[in-house]
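Residue numbers begin at 1 in each chain, while the letters A, B, ... track the order of the sequences.
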There are 2 protein chains.
Amino acid sequence: MDTPKVDDAVIQEVLDIFSKHLEDNSFRKTPERFAILEEIYKRNDHFDAEALYIHMKNQNYRVSRATVYNTLELLVNCDLVKKHQFGKNLAQYEKSYGYKQHDHLICIDCGKVLEFCDPRIQQIKNMMGDILKFKVVDHSLNLYGNCDGACPRTQKKEE
Amino acid sequence: MDTPKVDDAVIQEVLDIFSKHLEDNSFRKTPERFAILEEIYKRNDHFDAEALYIHMKNQNYRVSRATVYNTLELLVNCDLVKKHQFGKNLAQYEKSYGYKQHDHLICIDCGKVLEFCDPRIQQIKNMMGDILKFKVVDHSLNLYGNCDGACPRTQKKEE
DNA sequence: TTGTGTGCAAAAGCTTTGCATGTTG
DNA sequence: CAACATGCAAAGCTTTTGCACACAA
């Protein structure tokens, strides 16, 4: 729910995983790719591509939007980053290594995102895959509502 | 799962509901709004705004994209149409009156969309709402996978 | 008659692409 | 050194907005 491990050990692990993924697929190991992965794993929130781009710029990295999008796709492909669409036409991303599967509850008033886990999702995936003859490889469950008293009505109070 | 009722009785019902909704909110009853609703209820598939716009044009209605988007929003607000995002940056819509709640299974290879119902979703919504102090008003559950043997690999074979 | 709704086209916002240059393998 | 990745800017696509005109109330 809070304070995920952001230590250097985790960052080293994901860098290694990414490095191997690039190797296995004959993609090149560029400094930009590793820098982007590292910055993502120093963050703890959900972010969009533009925010990540700005963040990289602020850290004085010389990157382009194209590279940010390109790298995000690579990271999604090797399961180090997860991509979401919380109802709007704007992709949101979050790091995913070392976190257990979870889903999201989104406040339609203030945009706040909470996370939760429920084992019944896995059961539903298995059952529906069997019944409908689908090989289910992924899912997305979003609950929409509002956080009532706690809702600041403004965009993202705690940032 | 198939052949939903598309008879005139249903269309009349939704036209009445929409009419009342417009009245209650002091919105005007324009021919465009009713024409769009009617065309939506003659279809049985998931569609995007552009496809609906083209469809209206082909029927020789004189409508604009602005009106299509405007009307879709009105229809979503009064629960006659449901809006989805199946992973891509493109809103998909479907009529929702008279259908029981259902979720979707999307083929990542051919884009085919299947529907299913599972009561456990409702349980999860209730439980998570209680635990996290959220008033859950809506949800979206998409399962992604592929339909293997049945998958035509091409976009939407049956259209 | 008044003001909301519409059509049209331009603008906005997110993402992708083209091209010349740089850099990895 | 050859091919791929990058930066930059332009283009693409979906959706929204501005404005003058039409029409519902």
Side-chain angles (χ1 to χ4, degrees), chain A residues 15 18-39 46-78 81 83-93 111 155, chain B residues 15 18-39 46-78 81 83-93 111 155:
Chain A
L15 288 176
F18 192 32
S19 183
K20 181 169 188 321
H21 175 76
L22 294 175
E23 234 169 74
D24 292 348
N25 294 278
S26 303
F27 295 135
R28 295 188 172 168
K29 302 183 185 179
T30 68
E32 290 83 1
R33 288 176 174 172
F34 291 112
I36 290 173
L37 174 55
E38 203 165 333
E39 286 307 316
H46 298 83
F47 56 89
D48 57 53
E50 182 68 14
L52 178 57
Y53 170 71
I54 299 295
H55 181 74
M56 298 298 294
K57 287 297 212 187
N58 288 344
Q59 309 291 316
N60 286 327
Y61 285 107
R62 189 167 165 281
V63 288
S64 64
R65 285 188 181 79
T67 300
V68 168
Y69 279 101
N70 168 2
T71 304
L72 280 172
E73 190 180 339
L74 289 173
L75 291 172
V76 167
N77 288 341
C78 62
V81 166
K83 180 178 181 176
H84 303 287
Q85 299 250 175
F86 295 140
K88 295 192 291 288
N89 267 3
L90 171 66
Q92 304 251 84
Y93 300 87
Q155 277 289 106
Chain B
L15 288 175
F18 192 32
S19 183
K20 182 167 189 318
H21 175 75
L22 295 175
E23 234 169 75
D24 293 348
N25 293 278
S26 303
F27 295 135
R28 294 189 174 169
K29 302 182 185 180
T30 69
E32 290 82 1
R33 288 175 174 171
F34 290 112
I36 289 172
L37 175 55
E38 202 165 334
E39 288 305 317
H46 297 82
F47 56 90
D48 57 54
E50 182 68 14
L52 177 58
Y53 170 70
I54 299 295
H55 180 73
M56 298 299 294
K57 286 298 212 187
N58 288 344
Q59 310 291 316
N60 286 327
Y61 285 107
R62 190 168 165 281
V63 290
S64 65
R65 285 186 182 80
T67 300
V68 168
Y69 279 100
N70 169 2
T71 304
L72 279 172
E73 190 180 338
L74 289 173
L75 292 171
V76 167
N77 288 341
C78 62
V81 166
K83 180 177 181 177
H84 302 287
Q85 299 250 176
F86 295 140
K88 294 191 292 288
N89 268 2
L90 171 66
Q92 303 252 83
Y93 300 85
Q155 277 290 105

Exercise. Between atom CG in L75(B) and atom P in dG5(C), what is the gap in whole Å?
Worked result: 14 Å

Exercise. Roughly, in whole Å, what's the span from CG in L74(A) to C1' in dC4(D)?
Worked result: 12 Å

Problem set entry | Minimal non-hydrogen separation, E39(B) against Q59(B), with atom names | OE1-CG, 4.0 Å

Problem set entry | Residue-phosphate contact under 4.0 Å: N70(B) side-chain N/O, dG5(C) OP1/OP2 | no

Exercise. Is there a side-chain contact between L22(B) and L74(B), using heavy atoms and a 4.5 Å cut-off?
Worked result: yes

For this session: Round to a whole Å and report the spacing from CG of L22(A) to C1' of dC4(D).
Result: 13 Å

Strictly under 3.5 Å: I want the nitrogen or oxygen pairs between protein and nucleotides 14-20 of chain C, one per line.
unit_1  : atom_1 : unit_2 : atom_2 : d
dT15(C) : OP1    : A91(A) : N      : 3.1
dT15(C) : OP2    : Y69(A) : OH     : 2.6
dT15(C) : O5'    : Y69(A) : OH     : 3.4

Problem set entry | dG5(C) OP1/OP2 closer than 4.0 Å to side-chain N/O of T30(B) | no

Exercise. Under 4.5 Å between any side-chain heavy atoms of Y61(B) and I36(B), yes or no?
Worked result: no

For this session: Please examine the side chains of R33(B) and L37(B), heavy atoms only from C-beta on, and report whether any two atoms are closer than 4.5 Å.
Result: no

Problem set entry | Closest non-hydrogen atom pair between Q85(B) and N89(A), with its separation | OE1-OD1, 2.8 Å

Exercise. Roughly, in whole Å, what's the span from CG in L72(A) to P in dT6(D)?
Worked result: 12 Å

Problem set entry | Heavy atoms of other groups near K57(B) NZ, more than 12 under 6.0 Å | yes

Exercise. Given atom OH of Y53(A) and atom P of dA9(D), what is their separation to the nearest angstrom?
Worked result: 9 Å

Problem set entry | Below 4.0 Å: OP1/OP2 of dG5(C) and any side-chain N or O of T67(B) | no

Problem set entry | Trace of the side-chain contact (heavy atoms from CB on, under 4.5 Å) decision for F34(B) with K29(B) | CA-CA 8 Å; F34(B) 290 112; K29(B) 302 182 185 180; 3.5 Å; yes

Problem set entry | Test of ring centre spacing under 6.0 Å for H46(B) and F86(B) | yes

Seminar exercise, completed: Axis-to-axis angle across the helix from dT1(C)-dA25(D) to dG25(C)-dC1(D), five pairs each end, nearest 10 degrees, ~ 30°

Problem set entry | Stretch residues 56-64 of chain A: residues that reach within less than 4.0 Å of DNA chain D through a heavy atom | K57(A), R62(A), V63(A), S64(A)

Problem set entry | Basic-acidic side-chain contact under 4.0 Å: K83(A), E73(A) | no

Problem set entry | Which atom of V81(B) lies closest to which atom of L72(B), heavy atoms considered | CG1-CD2, 4.4 Å

Exercise. F18(A) CZ to dA5(D) P: how many Å, rounded?
Worked result: 11 Å

Seminar exercise, completed: Of the listed dA25(D), dT24(C), dA5(D), the closest approach to the P31(A) side chain comes from dT24(C)

Exercise. Among Q92(B), H84(B), K88(B), whose side-chain contact (heavy atoms from CB on, under 4.5 Å) with D48(B) holds?
Worked result: Q92(B)

For this session: Taking only the side-chain heavy atoms of R28(B) (C-beta and beyond), determine which of dA25(D), dA5(D), dT6(C) contains the nearest atom.
Result: dA25(D)

Seminar exercise, completed: Scanning both residues in full, the closest heavy-atom pair of V63(A) with Y53(A) reads O-CE1, 3.4 Å

Seminar exercise, completed: F34(A) CZ to dT23(C) P, in whole Å, measures 17 Å

Exercise. Rounded to the nearest Å, what distance is computed from the CD1 atom of residue I36(A) to the C1' atom of nucleotide dT6(D)?
Worked result: 10 Å

